[in-house]
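Residue numbers start from 1 in every chain, and the chains themselves are labelled A, B, ... in the order their sequence lines are given, proteins ahead of strands. Atom set for the values below is all heavy atoms of this structure, side chains included, hydrogens, waters and symmetry mates excluded. Values in this document were obtained by computation on a predicted structure and should not be read as measured data.
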2 protein chains.
Amino acid sequence: MARGEGPAKPRLRDVAREAGVSLGAASDSLSGKNQISEETRQRVRDAAKRLGYVPDPSARALSSGKVRAIGFVIGALQRPGEFAAYRTHWADIIGAGTLAATERGYAFTVLPGLEGELMVNVPVSGLMVLDTGPQDPYLEAAFGRGVPVLTDGVSEDDRVAVDAHLDFRSAVAEAMDHFAEQGATRPSLMWPKLQTVSTRELERGYLEWCEQHGVQPLLFIVDLEAGGTHEAIEALLRSPADAVLVAVPVTAALIEAAEKRGLNVGKDLRVITLDENSDRRLEQLDISTLAYSIAEYVDGAVARFIDVIEGKRPPGQRSNVALSFTARGSSLGTRLRRRAGDQG
Amino acid sequence: MARGEGPAKPRLRDVAREAGVSLGAASDSLSGKNQISEETRQRVRDAAKRLGYVPDPSARALSSGKVRAIGFVIGALQRPGEFAAYRTHWADIIGAGTLAATERGYAFTVLPGLEGELMVNVPVSGLMVLDTGPQDPYLEAAFGRGVPVLTDGVSEDDRVAVDAHLDFRSAVAEAMDHFAEQGATRPSLMWPKLQTVSTRELERGYLEWCEQHGVQPLLFIVDLEAGGTHEAIEALLRSPADAVLVAVPVTAALIEAAEKRGLNVGKDLRVITLDENSDRRLEQLDISTLAYSIAEYVDGAVARFIDVIEGKRPPGQRSNVALSFTARGSSLGTRLRRRAGDQG
DNA sequence: CTGAAAGCGCTTACAG
DNA sequence: CTGAAAGCGCTTACAG
């Protein structure tokens, strides 16, 4: 090992010898399998501890035929602007995913892609690929890996083992209905320049709603990689929009810019933010939100995924998680709490 | 497999047969080892592709004797409040770590601890444990795993393979010197209720500076797990402090609370924030910062770590990364840009 | 390049 | 429980 020419690592046979039992009994004792007297078991455990024995995971995986690891593909890691914009989101997903996986005895490995060496050298028994685009290369690569795949919203493809869908389409309709109830006539959508399941649903949901209600669509695209936040916000503020569903993490900047222009956020411009439930400041800022519990969503998805991996459920599992709407000052025409606070 | 009773996965021997070469030649062709004619190599690659062959990483690791994976221990995952408070930080570290590792052919596995099954079943050739406390249980467990360990600021322990140190102590002194130059007489420190390398250095650096300059220390502790942000901020605002180094992610809330009280941030209360370089809003808010490039820090640390793992460098590597200070309105007594903007 | 073999460190089934 | 053996799927060294 790197530490130098120290003594060779102890092997299971060394533990068996130390404990005075057979190799098979040592294996059974440590893995908790078969009938082994508690006394023997303890003797083996003690011997293992004494020698500093650590089982070789690769050997275990090879001989038992099961790897207990989930790979999580974050293609956005290769697009710094996008990753940075959504990093609270990624942290929440990685955190929840790691906990969900490890609680069930699985490791959680983050991957920035599936090319070349990685494709080949990382032991995984399942791959998670979220926020996929059409004919997503990561998703295709994941299918090629020969393990079950979890993704969101690709219900058409029967190679998907678990589809954990977030219902953005209904969420958009709910937001637009709320805007209309509040008297807005030109509700708009601000979204990221990304081609993912979520953005497709957002667009579809928005355009459908507009058509059904005879409203002319107003779309504002934020190019995260090019730092296009300011530009998109300015375009919105120059437009006839009197309400906006913000589906990209720029809400605080938007509010600030609007107020700077003298607009009364919540009245002149109604704002609902989506998918930023990771930012606690939004509540303080009195922003209406469409949110969901990332921890619950991920834990449920991972739980079903592991069941599929272990053959306890058939592949092809689908779920549909609704977002929940909370109306606050930013869409209700009341004065924002934050400004009220400034005066006090 | 979970997909059902499909055909057995192709093995290397199947590829060899399909390509009409020997098992050894097939192995060499795919791994790029030894002298193999380009024609044969290609023939094997084609056969592998045709069959959908994916090498078994566990078998590779076992027979070659090398695992290419780094485990990253985030104990904070088991403390939701703490993890949430620092999640932009964690996202940046995980992102940078994943890229740094995978660029060098290593997988990056996130672990919420090292207990039980995890300790045993996750294949890693090295463990990273950052933000450790004294006699840190995760660090001790990592040593017990028998692989090289990367950590920050535990220079005393010669079991550490790579010590990637962030120089918070000098950073504190720099901040305090700046406060003093600006005329502050009661500079204070606000920090999290955590026992880590960073917090120890912060405390030591601050108390030393206070002693050297005959200043009475003023410490404000934020209990992240108990949601103690508001409390700590109120305590600060009631105190005689006229400057504060904020070493916990509550700067925006602090500024807001101070302004609400009618304080002129930057003059009545000078503010420097530390370790929130992940939040772009701080620049917009005109906050002075002590920051470092997480990506550079992590990439350098991982690069050296992998060198040690592969025996290209001896263990015991140490580095010391300085934070860089940027003075902005919040410590310079000028009017904050944000408030100026509100008027315009 | 071939071909046959050993070996990595386990798990697993089996006769006793 | 023991003991000896087979096997997981590769890599590696070796004689030809």
- Rounded to whole angstrom units, what separation is found between the CG atom of B/Asp14 and the P atom of D/dC8? 12 Å
- Query: Who pairs with B/Arg11 by salt bridge (charged side-chain N to carboxylate O under 4.0 Å, His left out), at least two apart in sequence or on another chain?
  - Reply: none
- Message: For C/dC10 and A/Arg60 - does any side-chain N or O of the residue sit under 4.0 Å from the phosphate oxygens OP1/OP2?
- Response: no
- Identify, residue by residue, the members of residues 15-28 of chain A with a heavy atom below 4.0 Å from DNA chain D, and return them in order of residue number, or none. A/Gly20, A/Val21, A/Ser22, A/Ala25
- Item | Contact under 4.0 Å: B/Ser37 side-chain N or O vs C/dC1 OP1/OP2 | yes
- Under 4.0 Å between a side-chain N or O of A/Tyr53 and OP1 or OP2 of C/dG9? no
- Taking the side chain as C-beta and beyond, is there a heavy-atom pair between B/Arg45 and B/Tyr53 under 4.5 Å? no
- Give the rounded distance in Å between these two atoms: CZ of B/Arg43 and C1' of C/dT2. 13 Å
- Item | Distance in angstrom units between A/Lys66 NZ and C/dC10 C1', rounded | 14 Å
- Message: Side chain of B/Thr40, heavy atoms from C-beta onward: which of C/dG9, C/dC1, C/dT11 has the nearest atom to it?
- Response: C/dC1
- Could you say whether A/Glu38 or A/Ala59 is positioned toward the 5' end of DNA chain D, judged by the nucleotide with the nearest heavy atom to each? A/Glu38
- Minimum heavy-atom distance between A/Glu82 and A/Ala76, given as atom pair plus value: OE2-CB, 3.6 Å
- Taking atom C1' of D/dC10 as reference, at what distance in whole Å does atom CG of A/Asp56 sit? 14 Å
- Message: Heavy atoms from C-beta onward define the side chain here; which of D/dC10, C/dC10, C/dC1 lies closest to that of B/Arg11?
- Response: D/dC10
- Message: I need the CG-P distance between B/Leu30 and D/dT12, as an integer number of Å.
- Response: 13 Å
- Note on the structure: For residues 56-65 of chain A, the salt bridge (charged side-chain N to carboxylate O under 4.0 Å, His left out) pairs (sequence neighbours left out) are none
- Are A/Ser125 and A/Lys66 close enough that some pair of their side-chain heavy atoms sits under 4.5 Å apart? no
Per-pair distances, 0.1 Å, donor-acceptor, side chain in residues 18-30 of chain A, under 3.5 Å, sequence neighbours excluded:
{"unit_1": "A/Glu18", "atom_1": "OE2", "unit_2": "A/Arg50", "atom_2": "NH1", "d": "2.4"}
{"unit_1": "A/Ser22", "atom_1": "OG", "unit_2": "A/Ala25", "atom_2": "N", "d": "3.1"}
{"unit_1": "A/Asp28", "atom_1": "OD1", "unit_2": "A/Asn34", "atom_2": "ND2", "d": "3.4"}
{"unit_1": "A/Asp28", "atom_1": "OD2", "unit_2": "A/Asn34", "atom_2": "ND2", "d": "3.0"}
{"unit_1": "A/Ser29", "atom_1": "OG", "unit_2": "A/Ala25", "atom_2": "O", "d": "2.7"}

- Whole-Å distance between C/dG7 P and A/Arg13 CZ? 11 Å
- Query: With B/Leu111, which of B/Leu127, B/Ile74, B/Leu77 fulfils side-chain contact (heavy atoms from CB on, under 4.5 Å)?
  - Reply: B/Leu127
- Upstream residue (5' side of DNA chain C) when B/Ile36 and B/Leu62 are each assigned their closest nucleotide: B/Ile36
- Task: Check the distance between D/dC8's C1' and B/Leu12's CG and give it to me in whole angstrom.
- Result: 14 Å
- Message: What stems show up for DNA chain C when you take Watson-Crick pairs (N1-N3 plus N6-O4 or O6-N4) and G-U wobbles (N1-O2, O6-N3), both under 3.5 Å, and require three or more consecutive pairs?
- Response: C:1-3 with D:14-16, C:5-12 with D:5-12, C:14-16 with D:1-3
- Note on the structure: So ring-ring contact (aromatic ring centres under 6.0 Å, His included) across residues 55-75 of chain B, not counting sequence neighbours, yields B/Phe72-B/Phe108
- Task: Side-chain contact test, heavy atoms from C-beta onward, threshold under 4.5 Å: evaluate it for B/Asp299 versus B/Leu99 and give yes or no.
- Result: no
